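Here's the structure, in structure tokens; my notes come after.
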Amino acid sequence: MSTSRKAAVSTPEAPAPVASYSQAVRKGNILQVAGQVGVDPATGEPTDGGVAGQTRQVFANLRAVLRAAGADLDDVVMLRAYLTDTAHFAEFNATYNELVSEPYPARTTVYVGLPGRLLVEIDALAVLD
């Protein structure tokens, strides 16, 4: 993939976009991964297991898109997490701590409305060598 022009990244290993956006976009050594939700790409349905289960699926989807771009979680410098309920923070954070390692990416967590049974969404910014 040419890295000097803006290029879309996609993989069937993560849920297909539901609107006019790419799963990720790379330009140069910058990779922006669109918000991933706790949807199983094989079924198109939100995963079970509450916030913890959906967070694990979100990270599986993030890893799939990162891999499609030749990257991995170690390349991520910023994550933005979107939760639907402040009461989910502790469970989300405990699961998140199982899935990331030092040096940790920077992170912002905000509370939003998500459609249907979705409880968490995360987008990622990665810098590739």
Side-chain angles (χ1 to χ4, degrees):
M1 159 186 343
S2 171
T3 59
S4 61
R5 296 181 185 210
K6 183 170 87 169
V9 176
S10 65
T11 177
E13 302 298 315
V18 296
S20 298
Y21 63 89
S22 300
Q23 288 175 324
V25 174
R26 181 173 179 174
K27 183 164 174 67
N29 66 338
I30 303 296
L31 177 70
Q32 177 64 56
V33 179
Q36 297 296 306
V37 293
V39 169
D40 181 333
T43 65
E45 295 295 322
T47 55
D48 294 329
V51 172
Q54 286 194 20
T55 299
R56 286 185 184 89
Q57 184 65 55
V58 166
F59 271 86
N61 296 340
L62 285 171
R63 282 191 296 273
V65 176
L66 288 164
R67 276 194 310 271
D72 63 34
L73 283 174
D74 289 339
D75 297 309
V76 172
V77 296
M78 176 66 183
L79 291 170
R80 281 177 293 265
Y82 307 88
L83 300 176
T84 59
D85 190 329
T86 57
H88 294 159
F89 183 78
E91 182 180 0
F92 165 77
N93 210 45
T95 306
Y96 175 92
N97 289 340
E98 295 171 10
L99 300 169
V100 296
S101 58
E102 293 187 48
Y104 302 117
R107 185 181 99 187
T108 300
T109 304
V110 296
Y111 299 94
V112 299
L114 293 172
R117 301 181 334 218
L118 297 174
L119 303 174
V120 60
E121 180 174 4
I122 300 175
D123 70 78
L125 176 65
V127 178
L128 292 76
D129 295 328

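None of these values were measured; they are calculated from a predicted model. Starting from 1, each residue takes its place in the sequence as its number.
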When you group the ILVMFWY residues by side-chain heavy-atom contacts below 4.5 Å and let the links chain together, are [Y] and [X] in the same group?
| X | Y | result |
| --- | --- | --- |
| V37 | Y111 | no |
| V39 | F59 | no |
| V120 | Y104 | yes |

Beyond-backbone contact of [X] with [Y], side-chain heavy atoms, under 4.5 angstrom:
| X | Y | result |
| --- | --- | --- |
| V100 | L73 | no |
| Y82 | L118 | no |
| P15 | Q36 | yes |
| M78 | T108 | yes |
| R26 | L128 | yes |
| I122 | F92 | yes |
| R56 | T95 | yes |
| N93 | R107 | yes |

Under a 3.5 Å distance rule, please check whether [X] uses its side chain to pair with a backbone N or O of [Y] as donor and acceptor.
| X | Y | value |
| --- | --- | --- |
| Q32 | A124 | yes |
| Q23 | N61 | no |
| E91 | F89 | no |
| N97 | A94 | no |
| Q54 | L119 | yes |

| Out of L31, L66, V33, which one pairs with V9 under the side-chain contact (heavy atoms from CB on, under 4.5 Å) rule? |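 So the option named by the test is L31.
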| request: Begin with the C-alpha distance, continue with both residues' side-chain angles, and end with the deciding distance and a verdict on side chain to side chain contact (heavy atoms under 4.5 Å, CB included) for V65 and T11. | output: CA-CA 6 Å; V65 176; T11 177; 4.2 Å; yes
| Shortest non-hydrogen separation from P17 to S22 and the atoms involved |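 Here P17 and S22 meet closest at CG-C, 4.3 Å.
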| field | Closest non-hydrogen atom pair between V58 and G38, with its separation | value |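 It is CG2-N, 3.4 Å.
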| query | Roughly how far apart are D75 CG and L125 CG, rounded to 0.5 Å? | reply |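 Between atom CG of D75 and atom CG of L125 there are 11.0 Å.
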| query | If you round to the nearest 0.5 Å, how far is CD of E121 from OG1 of T55? | reply |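 T55 atom OG1 to E121 atom CD measures 12.0 Å (nearest 0.5 Å).
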